[in-house]
J.: 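Below are the structure tokens for one structure; questions will follow.
Along the sequence shown, residues carry numbers from 1. Here the structure is a predicted model, which means the values were calculated and not measured. Scope of the values below: all heavy atoms of this structure, side chains included, with no hydrogens, waters or symmetry mates.
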Amino acid sequence: MFSIDGWSFFLIGLATFRLTRLIVFDKITEMIRMPFFDEVEEVNPAGDKEVYLVPKQGKFKRWIGELLSCYWCTGIWVSLFLVFLYSFYPIIAEPFIVILAVAAIGAIIETIISASLGK
């Protein structure tokens with residue numbers, strides 16, 4: 001039976017949060033996402049142009065595009081990957097998970113400070 005201690009569970013949770021956001025939202029991984037999306041430009045009622053990302057056509061590209069546009073879906077796959085890595089390759093997983101967890105805490109602190117400063 002698989003078991004995981006509370007501290008490891010917490011760290012993997014933070015790491016999952018950070019890696020999921022990195023994949024789905026962050027600018028640095030935009031080059032990975034773009035082959036799976038088409039940009040659609042529309043003009044809103046105020047006359048401003050808005051750009052939307054729509055998953056490309058084709059079975060594989062559409063599937064990946066749908067996955068990358070869904071934070072919750074990507075989070076499940078990321079958590080599966082991290083738990084698998086932690087279970088079978090802990091020497092590799094532990095530093096990777098700790099780095100992502102520390103980055104997640106930093107991102108959460110920055111979000112709270114930015115919100116409190118009105119930014």
Side-chain angles (χ1 to χ4, degrees):
M1 179 173 177
F2 176 74
S3 67
I4 187 168
D5 65 270
W7 182 246
S8 296
F9 182 83
F10 179 70
L11 288 179
I12 292 169
L14 285 171
T16 296
F17 161 74
R18 187 63 201 109
L19 186 55
T20 300
R21 288 200 61 86
L22 180 69
I23 292 168
V24 175
F25 296 115
D26 288 0
K27 183 96 172 141
I28 195 169
T29 56
E30 190 174 86
M31 65 184 172
I32 295 168
R33 293 187 306 270
M34 289 319 293
F36 305 102
F37 292 99
D38 288 320
E39 289 187 359
V40 176
E41 192 174 286
E42 293 182 3
V43 178
N44 67 21
D48 299 321
K49 290 182 183 177
E50 295 180 358
V51 177
Y52 296 96
L53 297 178
V54 178
K56 289 191 178 214
Q57 297 302 309
K59 290 182 181 182
F60 180 73
K61 283 190 175 186
R62 181 169 183 80
W63 181 74
I64 297 293
E66 291 288 341
L67 176 70
L68 292 174
S69 66
C70 174
Y71 180 82
W72 303 107
C73 304
T74 304
I76 289 175
W77 290 104
V78 166
S79 64
L80 179 70
F81 167 73
L82 290 176
V83 169
F84 177 84
L85 193 65
Y86 179 77
S87 298
F88 295 102
Y89 304 101
I91 300 288
I92 296 168
E94 287 175 359
F96 185 61
I97 288 168
V98 168
I99 290 166
L100 288 169
V102 170
I105 292 168
I108 292 166
I109 292 169
E110 179 59 36
T111 300
I112 291 168
I113 290 173
S114 292
S116 71
L117 296 175
K119 293 183 180 180

J.: Regarding R33 and D26, does a basic nitrogen lie under 4.0 Å from an acidic carboxylate oxygen?
T.: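 No salt bridge links R33 with D26.
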J.: Around K56, counting heavy atoms of other residues, nucleotides and ligands shown, do more than 12 lie under 6.0 Å from its NZ?
T.: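 Counting neighbours around NZ of K56, more than 12 heavy atoms of other residues, nucleotides or ligands fall under 6.0 Å, so yes.
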J.: Look at the side chain of T20 and the backbone N and O of F17, then say whether any donor-acceptor pair between them is shorter than 3.5 Å.
T.: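 Absent.
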J.: Looking at every heavy atom in both I108 and L14, which two are closest together, and how far apart are they?
T.: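 Heavy-atom minimum between the residues: CD1-CD2, 4.2 Å.
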J.: If we only count heavy atoms from C-beta on, is the S69 to F37 side-chain gap below 4.5 Å?
T.: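 When only atoms from C-beta onward are counted, F37 and S69 do touch, with a gap below 4.5 Å.
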J.: Between Y86 and S8, do the side chains contain a donor N or O and an acceptor N or O under 3.5 Å apart?
T.: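 Looking only at side-chain atoms, Y86 and S8 do form a donor-acceptor pair, the distance falling under 3.5 Å.
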J.: Any heavy-atom pair between the side chains of V43 and D48 that's under 4.5 Å?
T.: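 They are not in side-chain contact.
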J.: Is the shortest side-chain heavy-atom distance between R62 and Q57 below 4.5 Å?
T.: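 Yes; the side chains approach each other to less than 4.5 Å.
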J.: Counting only heavy atoms not in I28, do more than 12 sit closer than 6.0 Å to its CD1 atom?
T.: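 No - once you tally the heavy atoms of other residues, nucleotides and ligands closer than 6.0 Å, there are 12 at most.
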J.: Determine whether E50 and Y52 satisfy the following criterion, side-chain contact (heavy atoms from CB on, under 4.5 Å), listing intermediate values before the conclusion.
T.: CA-CA 7 Å; E50 295 180 358; Y52 296 96; 2.5 Å; yes
J.: For Y71, does the OH atom have more than 12 heavy-atom neighbours from other residues, nucleotides or ligands under 6.0 Å away?
T.: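 Yes, the 6.0 Å shell around OH holds more than 12 heavy atoms from other groups.
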J.: Quick check: closest heavy atoms across T74 and L68, and the distance to 0.1 Å?
T.: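 T74 and L68 have their closest heavy atoms at OG1-CA, 3.9 Å.
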J.: How about CZ on F25, more than 12 heavy atoms from neighbouring residues, nucleotides or ligands closer than 6.0 Å, or not?
T.: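 More than 12 heavy atoms, drawn from other residues, nucleotides or ligands, come within 6.0 Å of this atom.
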J.: Show which residues join W77 in its hydrophobic cluster (side-chain heavy-atom contacts under 4.5 Å, direct or indirect), or state none.
T.: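 Under the 4.5 Å side-chain rule, W77 groups with L67, L80.
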